[in-house]
Amino acid sequence: MTYHPKSDFMRVMIERGFLADCTDYQGLDEALAKGVVPTYIGYDATAKSLHVGHLLNIMMLRWLQKTGHKPITLMGGGTTKVGDPSFRSDERPLLTPEAIDENIAGMKQVFAKYLDYGDGPTDALMLNNAEWLDGLNYLEFLRDIGRHFSVNRMLSFESVKSRLDREQSLSFLEFNYMILQAYDFLELNRRYGCLLQMGGSDQWGNIVNGIDLTRRVLDHEIYGLTSPLLTTSDGRKMGKSQGGAIWLNSDMLSPYEFWQFWRNTTDADVGRFLKLYTELPVEECERLGALEGSEINAAKVRLANEVTALCHGWDAAHAAEATAREVFEKGGVGDDLPTLTLTVEELGDGISLAQLVVRSGLAKSGKDGKRLIAEGALKVDDETCADPGRMFTAADLETPVKLSAGKKRHALVEVE
C-alpha cells in the first residue's frame, strides 16, 4: 500500500499488519491527525471470557489509546439476544439476560488489563447497547430506521449470501442483526461523537451499513476500518487449539497454558505475531522473526513472555517460563502446571488412566484419550504407558502424578 499516513495510529496499523480495509483512508487519517477520534468495537456476550481470536482487535484499541484517541468497548447486552449470523452455519443459542450480564462481567476483567478506563478525553468507555436497544419501540424503529435498509442489498452481503448459498436457514431474528449493529453506530455517533468502528474483515458489511445509516439519518461523516481474519501459517483459525478456545481469563485457562500456546507458535508466524500481539518495535519483531534453528525458539519464548505479560502480568509470564524450563529441560514437575485435584470419594476403588487423561484436559473424550495412549504419545511421570486401563488409587496419587501428552502438553493429578 503506497499511502503515507499523517496520523500515528494509521501508521502503526499499516506497519504492524493490522489493516485489511478502510472505508476512506485519507478522510480517516486526516480526522485522526486533527484531534481525538472516539472509536468503538462491539463484543457480543456469548461467553464468560474473551479468547485469543479477540486479541487482535483489543490490541488495535490499545494502540488507538496509546496514539491519543478514545476507545469505546461496546458490550452487546442487546444484540446478544439476537445473535450475529456472520459466517456461521447455524443459529446461535439464545441466552437469558442473567447469563448475558454474567458474561459481560467476565469480559470486563480482560479489557481492564489492556485499556485505561475513566473520564478523561482519551480514557476508554465501557458501554452496553442494551442502553438504547432494550427500550426500542418496534413500529417507530421500523418507520425511522428500517426504511433506510434495502433487503436486496442486505441479501448481497457475503455473510448472509454464504448462508443462503449453502441452503442453510437464516431466521428473521438473525437477519435483523445487521440493522441493530448499524443502529449501534448511529447511536454511538449521536450520543458520544463516535467517528470510527473497527472489527474483523467479516464485519465489513455490518460496518458499512452503520456508516450509510448514520449518513442518511444524521448527515454525519464516519468511518470503518477492518483487520485481517488471521489464520496460522498452517491454515488453522487463530486462537483454536486441540484443547479448545484459548481464553484470556485466568479462571478459564491458566496463564501457563496461555503462555504455552504462544510458545508453540510455528516458526513462520513468529515475526508476524510479535508485530500484532506485542509492543516491541517493528525492527525488533522482524529481527526475531528472521531467526532460524534453535534461535527461533528463543524468539518464541520472547513472544510468549510479552503476550502473557500484557494479559496476566510479568510475574505470571516469568513463572510460566520457569515452569516450562523445569518441565522440558530438567524433566521436573513444575509448580505452575494445570492440576487436577480429586477427592478420595471421587476416586473410590480407583480411576483408569484413560479417564484421568480426559479429566485433566489432555484429551477431549475417552476415545481421544485411548488413541493417545495406544499411539504411545502419553507418559506417566516421564515413562510411556500404553495401558488405558491402568488404575490409580488414592495411595498412588498422594504424590502428584505428571501426565504428558506429547512433548508440549502436561498436567498434574493429585488427591486432596
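Taking 4.5 Å as the limit, some side-chain heavy atom of H312 sits within range of a side-chain heavy atom of K113. Side-chain contact between W247 and F258: absent, with no pair of heavy atoms (C-beta onward) separated by less than 4.5 Å. Side-chain contact between L356 and L342: present, with at least one pair of heavy atoms (C-beta onward) separated by less than 4.5 Å. Counting only heavy atoms from C-beta outward, the side chains of R263 and V301 approach each other to under 4.5 Å. In this structure the side chain of Y40 reaches within 4.5 angstrom of the side chain of C194, judged on heavy atoms. Side-chain atoms of N206 and F185, non-hydrogen and from C-beta on, never get closer than 4.5 Å to each other.
Ring centroid separation for the pair F111 and Y43 comes in under the 6.0 Å cut-off. Between W262 and Y277, the distance separating the two ring centers is shorter than 6.0 angstrom.
Counting only distance, with no hydrogens or angles, the side chain of D387 and the backbone of G389 share a donor-acceptor pair below 3.5 Å. The backbone N or O of G120 sits less than 3.5 Å from a side-chain atom of D123, completing a donor-acceptor pair.
Residues that satisfy the salt bridge (charged side-chain N to carboxylate O under 4.0 Å, His left out) test with R191, not counting sequence neighbours, are E131, E187.
Between the CE atom of M60 and the CG atom of L276 there is a distance of 10.0 Å, given to the nearest 0.5 Å.
Under 3.5 Å, the side chains of T226 and D21 contain no donor-acceptor pair of N or O atoms.
Enclosure of atom CD in E375 by more than 12 non-hydrogen atoms of other residues, nucleotides or ligands within 6.0 angstrom is indicated. The local environment of NZ in K161 is sparse, with at most 12 non-hydrogen atoms from other residues, nucleotides or ligands closer than 6.0 Å.
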